[in-house]
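Reviewing the structure listed below.
Start at 1 with the first residue, then count along the sequence.
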Amino acid sequence: MESSTIRNHQIKVNLPGGIVSVGDLSVILETLESAGIENVRFGTRQQLYFSASSAQLEDIEHGFLMSDTDFETDADRHPNIVSSYVAEELFNNSNWLREGVYKDILDSFGYTPRLKINLIDDSQTLVPFFSGNLNFISSDIGNYWHLYVRFPKTNTIYYWSSLVCSEDVASLCEIIESIILSHRHLHYDQAEIDGQQLETTIRTTGNFLFQSPGTALRAPDFQVPYYEGFNRYNEKYWLGIYRRNELFPVAFLKELCDICRKTRIGQLYTTPWKSIIIKEVVPTDRKLWNATLDKNRINVRHASNELNWQTEDLCEEGLALKHELIREFNEHDLRTFKLCFAIKINPKSGLFGAVIIRKQATTADSDTTALFDLLHTVDFNPNSKHYSSYAEGLSRTDLFPSLVQLCEDYYQLQTLAAGKQTDNYYETNNSIEAEIIYVHQCGCCLSIYDEAWGDESQEIPAGTPFSALPEDYCCPLCESNLSQFTPIIKETLNTF
């Protein structure tokens, strides 16, 4: 009986789209404070977490029931719906995707999803593209989305052949989910769920408005935006707050909500980097915010090479390894600009990164004897779906030297790219950086995949980016898989 009293439970509250109203968050925080909860965390799917003892849980359950707050205890049956709304106006300017579109879609969900759903603007790089099971990515046609289906517990991604209308997103998610989960319930082999068959089945219902895609999805050049501190936009400021230990004091968040109410700010936003963002701060109110940051000793100017890391939710082992590697990076003054790192203690976790540090499955009791594999996307864009193995079976002490060499290899590629530009590296008219065009070369037979041509032999249309190739694509000459391809600068081919 005593052990059950002191047992800690993990409670999750989903914040759909990473958006939470000040009023709703205040109610949650009041309940937690009354129960004696001191800190909360935010997760990689923009949700809220906290720990509670069994005694505290009774009070929390009662408070959440009274406030109609949905939550899960020691479970994750219903993943949060992720959206890139937090990035709007701050890190990108979409042609048509605005607050109203996001909120209309989120409000149209009349059920609680069991698959991971992403609503992503294709012009931003703060929120990952393919970390969900149903990944809706904005197209160049207003109110229409590309859809990439990643089947649960696999790396198999199917590209929906038609664009999906905003009005159909929620209902389409519901029917796709029912079909996929019914297969799993019947113990079908996951491979038996065929993407083309799934799409054909749904099309026969005639209930959805599909549109032919204008152009193929092209993932933007990746760079993690600096997502913390005070930053100016549209004559106002936004404030980003990141916590090194991932813990946000309840008392501090309550003070933030109080200032929001005083200054007529209606909502806060969470990010996949376990941080929060507050928009619409007017210049005359900055003193209020700075005073609260001072009072609570909140640092808001961490180095960029600390902000470009993904770790699993509620994973102290991954967090400790991140801090260890960051210390090494800082000590050696290692450049990591444009790179993004992820630490997977659980190999099946849905983290994204250009560089993946993946712990091998082991029965070892000590972290010091654990072994790790080092992978990277073939084009060093974390929104790519294709990974290549860089090193395997690394000890903890070998990780940092291998990461240094991997970074060196990456920057050699970047230096080569810069060296192949004309003397006028920046256009004199408007200082726009000259475009570098990459192709991908098979490391076994040196065949080239050029997206400008596609691959007619495998029915890959011209204009298909390498990142959008199907998982089973192989070299047309030697049949090597995608992991054997490496990016090279197209211009260098002319020198041979």
Classify the side-chain pair [X]/[Y] by whether it contains a donor and acceptor separated by less than 3.5 Å.
| X | Y | result |
| --- | --- | --- |
| Tyr85 | Glu99 | yes |
| Asn330 | Asn305 | yes |
| Ser349 | Asn346 | no |
| Glu228 | Ser275 | no |
| Gln46 | Tyr269 | no |
| Arg45 | Asn118 | yes |
| Gln124 | Asp121 | no |
| Tyr226 | Asn231 | no |
| Gln10 | Ser51 | yes |
| Tyr102 | Ser84 | yes |

Spell out, as yes or no, whether a donor-acceptor pair under 3.5 Å connects the side chain of [X] to the backbone of [Y].
| X | Y | result |
| --- | --- | --- |
| Glu306 | Ile326 | no |
| Tyr158 | Phe151 | no |
| Tyr410 | Leu339 | no |
| Glu199 | Ser161 | yes |
| Lys274 | Thr311 | yes |
| Glu72 | Arg77 | yes |
| His146 | Pro213 | no |
| Gln310 | Pro272 | yes |

Can you tell me if [atom1] on [X] sees more than 12 non-hydrogen neighbours from other groups inside 6.0 Å?
| X | atom1 | result |
| --- | --- | --- |
| Glu459 | CD | no |
| Trp453 | CH2 | no |
| Asn245 | CG | yes |
| Asp107 | CG | yes |

Parallel, tilted or perpendicular: ring planes of [X] versus [Y], cut at 30 and 60 degrees:
| X | Y | result |
| --- | --- | --- |
| His376 | Phe380 | parallel |
| Tyr242 | His302 | perpendicular |
| Trp160 | Phe210 | tilted |
| Phe329 | Phe400 | tilted |

Distance check, rounded to the nearest 0.5 Å: [X] atom [atom1] versus [Y] atom [atom2]?
| X | Y | atom1 | atom2 | value |
| --- | --- | --- | --- | --- |
| Ile117 | Leu134 | CD1 | CG | 5.5 Å |
| Asn308 | Thr336 | CG | OG1 | 4.5 Å |
| Asp221 | Asn381 | CG | CG | 7.0 Å |
| Ser139 | Gln211 | OG | CD | 8.0 Å |
| Ile345 | Ile357 | CD1 | CD1 | 9.0 Å |
| Thr464 | Asp455 | OG1 | CG | 9.5 Å |

Could you report the tightest heavy-atom contact between [X] and [Y], atom names first, then the distance?
| X | Y | answer |
| --- | --- | --- |
| Ser402 | Tyr390 | O-CE2, 3.8 Å |
| Gly240 | Val300 | O-CG1, 4.0 Å |
| Glu246 | Leu319 | OE2-CD1, 3.4 Å |
| Phe42 | Leu15 | CE2-CD1, 4.3 Å |
| Pro220 | Thr125 | CG-CG2, 3.7 Å |
| Pro465 | Glu451 | CA-OE1, 3.5 Å |

side-chain contact (heavy atoms from CB on, under 4.5 Å) assessment of Gln441 paired with Ile448: CA-CA 4 Å; Gln441 186 173 54; Ile448 297 294; 3.5 Å; yes
Mind checking whether [X] and [Y] have ring centres under 6.0 Å apart?
| X | Y | result |
| --- | --- | --- |
| Phe352 | Trp273 | yes |
| His386 | Phe485 | no |
| Phe129 | Tyr148 | no |

side-chain contact (heavy atoms from CB on, under 4.5 Å) evaluation trace for Glu328 with Leu334: CA-CA 8 Å; Glu328 295 271 16; Leu334 187 67; over 6 Å; no
salt_bridge(Arg41, Glu316) N-O dist < 4.0 Å: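 Judged by the 4.0 Å cut-off on N to carboxylate O distance, Arg41 and Glu316 do form a salt bridge.
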Among Ile137, Val101, Ile105, the one residue meeting side chain to side chain contact (heavy atoms under 4.5 Å, CB included) with Leu119: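 The side chain to side chain contact (heavy atoms under 4.5 Å, CB included) with Leu119 is passed solely by Ile105 among Ile137, Val101, Ile105.
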Option from Glu392, Glu312, Glu317 for which salt bridge (charged side-chain N to carboxylate O under 4.0 Å, His left out) with Lys359 holds: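 Among Glu392, Glu312, Glu317, the one that satisfies the salt bridge (charged side-chain N to carboxylate O under 4.0 Å, His left out) with Lys359 is Glu317.
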Test side-chain contact (heavy atoms from CB on, under 4.5 Å) applied to Leu399 and Leu321, step by step: CA-CA 10 Å; Leu399 265 179; Leu321 179 56; 4.2 Å; yes
side-chain contact (heavy atoms from CB on, under 4.5 Å) between Ile157 and Asn135, intermediate numbers included: CA-CA 10 Å; Ile157 294 181; Asn135 303 285; 5.7 Å; no
